[in-house]
Amino acid sequence: MAGKKQKVKGTARARSENIWGWLFVLPTMIGLIVLNIYPIINTIKQSFFKTGDFGRGDIFVGVDNYVKVLSNSETWDALLATFKYAIIEVPFSIAISLVLAVLLNRKMRGRSAYRTIFFLPMVCAPAAVAMVWRWLFNSEFGLLNHILGAKIQWVSNPKIAIYAIAVIGVWSIIGYNMVLFISGLQEVPHDYYEAASIDGATGVRQFFSITIPLISPTIFFVCVTRIIGALQVFDLIFMVMDTGNPALQKTQSLVYLFYQSSFVERNMGYGSTIVVFLLVIIMIITVFQMIAQKKWVYYS
Amino acid sequence: MKLRKMMALSLAGAMAVSLGACGGGGGSESGGDGGSGGGDGSLSVMIWDTYQEPGLTEIIGDFTEETGIEAEIQVVTWDDYWTLLSAGAQGGSLPDVFWMHSNEAERYMSNDMLMDLTDKIAESDKIDISKYPEDITELYTYEDKNYAVPKDVDTIALWYNKTMFDEAGLEYPTADWTWDDLYEAAKALTKDGVYGFGCSATNNQAGYYNLIYDMGGYVINDDKTASGYDDPNTIKAMQYFEKMIQEGIMPSQETMSESAEDVLLGSGSLAMTTQGSWMLSAFKENEYIAENCDCVELPKDAASGKRVSIYNGLGWAASADTPNADEAWQLIEYLGSQEGQTKQAELGVTMSAYEGTSEAWTGSADFNLQAYLNMMDDMVIRPYSRETVTWENDCSEALKKGWTQEVSMEEACKNAAAAMNATLEEENAG
């Protein structure tokens, strides 16, 4: 009896483990399917429709929405702004937090206090963070201009607004990256550093020759997730900039544009098309990163 | 073996039950948020203006005392309001009673999201629809059916900083002012980091719309098929603002987008601005404005002699499929009745829509509020169509470029007209 079963599906035990395995991942899977996968499919479907009010009376329009999105200069402005944001946010936040992580990984007084301070921005609600920065950046009454004695329009000059926003982004994400790097650093065996100092390597040399290669998997992980995160920037722009802001057109990100079309102008089909466009871009970039990792990421 | 299996099974069972409980809890919670799940007689009311909340809570308190029906107000910001409301409409969980606005009304009415109040109004002895401004009733009428009872009216007036006028030795603005007088005064008041007058590219209803209609221009034509931004009179009106921008009498669009005109007025950086009556609650609470500022009727246009106020009014609407239909109607009836409307004015919440009840509002604060009532002599309803939000956004996007002088105001107006016409064409085709 048992032998017969084995031929078909392995032992009773393996089969039972199989069932239990599935049962235990089921809650997560249901969550993923209901909250992520189904909406993704629905969004892609919606991008081919001219959507009616309140989800009624959708009309199939083929690739009309895509033609409109891709031929609208607004989309390309938004894509450019999104890239500009990512180009500032990702490298700066990684570089700064990596240095901080190395400094805070040593034995020193008040280490946890410093770690807490740098992690604090992560705990604050993004809306609150944005409101404070909005005041700091205010051209009339802002603290920054008050100190500088200037009248720089940080967030309403189309040339610099996106960089000002990116500074907020860097500030708020440093703590999170830092914690990830610290955990990566703690995996690095101490012997390497000892051997290196005996060989006469300086701290800087150790950092580039030991630390970076050995935590490159962590750097890679942070890099991939941060680029995705940066390309999806929305809340900072939404909170800091008003609709009357002349810099908005050159600063709004793709997700902001999506919000504007989908939820303000209630054109769900057009909005869905924008996020599908963004999805494709993110996927392409991530694929390239996956290919490139073979060149610089060392898995021990 | 058997024991282990049993235990595992009971564990899994417990998990499933707790999951079920989670689902149940979540469900009832979202029902409470959306509001219509209740059925216990407590009404959910949704509004977007925090400043009106205390007054309305008081009025609803009186209503509860009179009828025994409980109701609770929930305030969300203007932007979130429409997101929440449309999600609620799509998911069938609208609040019982809520505000309607001309920008969005048609979308909700044409999709049967709102309760048809026609028969209820006809049977009611408290609501007489002829007592409300016709334009406002019209906003909430679709295919001859009424979907909301008018709540309030709002008009526009000119706010000015008395102290600055005193210091400059100028006479205060009067009801006889023309827009040219305003320009001269604004020019004289612009100095030492103070701007004479402010009106941003997004301030349509309280700002440039008024001057457009004074000068004989228009924003949308009567059958809502074409934009009036390319009308020569409209362009002439907009060039009035262009001149102020060029001469530095007006703060730059950049500045006004970071600190709106009311903020600049309240911080002593702006001498004059036009503001809607709905701003009163905020101005009352601002110490600087209460001490230094006052309001007066808008200026006239010298050539046409016209002094138009754009006006608008909200409506109280109910969800079409609320289980508390009767209670919801009673609340709306109370809020729209002469009694409720008078209270609303007395408490200084807003001017009221019901004929003759707004007089009480003028005494609700220490400003020359009579100006707002006087502005009711010549009113034009805030331009609207089904897709108001879309073309309003496009227009302010185009006009912003005029404000920043990236293009001339004339060109900005023409761009606005083109964008608006495209939207209107699509609207009328579909």
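Lettering of chains follows the sequences in order, A, B, ..., and the numbering in each one begins at 1. Every heavy atom of this structure was used, including side-chain atoms; hydrogens, water molecules and symmetry mates were not.
- Aromatic ring centroids of B:Y147 and B:Y140 lie 6.0 Å or more apart.
- For residues 122-140 of chain A, the set of pairs meeting the salt bridge (charged side-chain N to carboxylate O under 4.0 Å, His left out) definition, not counting sequence neighbours, comprises A:R134-A:D242, A:E140-A:K151.
- Heavy atoms closer than 4.5 Å to chain B are found nowhere in A:V240, neither backbone nor side chain.
- The CE atom of B:M272 lies 8.5 Å from the CG atom of B:L270; values are rounded to the nearest 0.5 Å.
- In this structure, chain A has a heavy atom under 4.5 Å from the side chain of B:E104, while its backbone stays farther away.
- Contacts between B:E397 and chain A at a heavy-atom distance below 4.5 Å involve the side chain alone, from C-beta outward.
- Once rounded to the nearest 0.5 Å, the distance linking CD1 of A:I147 with CG of A:L144 reads 6.5 Å.
- Looking at A:K84 and A:E89, no side-chain N of the basic residue comes within less than 4.0 Å of a carboxylate O on the acidic one, giving no salt bridge.
- Of the listed residues (A:S261, A:G52, A:S156, A:S139), the one with the most heavy-atom contacts under 4.5 Å to chain B is A:S156.
- For the options B:N393, B:N203, B:L264, heavy-atom pairs under 4.5 Å to chain A are most numerous at B:N393.
- With sequence neighbours excluded, the residues satisfying side-chain contact (heavy atoms from CB on, under 4.5 Å) with A:S272 are A:T43, A:Q46, A:S47.
- Neither the backbone nor the side chain of B:S396 comes within less than 4.5 Å of any heavy atom in chain A.
- Ion pairing between A:K250 and A:E74 fails under the 4.0 Å rule for side-chain N and carboxylate O.
- Residues of residues 252-260 of chain B lying under 4.5 angstrom from chain A, judged on non-hydrogen atoms, are B:S252, B:Q253, B:E254, B:T255, B:S257, B:E258, B:S259 by number.
- Using a 4.5 Å cut-off between heavy atoms, A:F137 touches chain B through its backbone atoms (N, CA, C, O) alone.
- Looking at B:T390, the atoms closer than 4.5 Å to chain A (heavy atoms on both sides) sit in the backbone and in the side chain alike.
- Residue with the most contacts toward chain A among B:N111, B:T404, B:V263, B:T202: B:N111 (heavy-atom pairs, distance under 4.5 Å).
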*List the steps and the verdict of salt bridge (Lys or Arg N to Asp or Glu O under 4.0 Å) for B:D112 and B:K145.*
CA-CA 11 Å; B:D112 301 321; B:K145 286 183 187 145; over 6 Å; no

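- Side-chain polar atoms of A:N145 and A:W154 form a donor-acceptor pair below 3.5 angstrom.
- Under the ring pair (Phe, Tyr, Trp, His ring centres under 6.0 Å) criterion, the residue pairs touching residues 68-88 of chain A are A:W76-A:F277, with sequence neighbours excluded.
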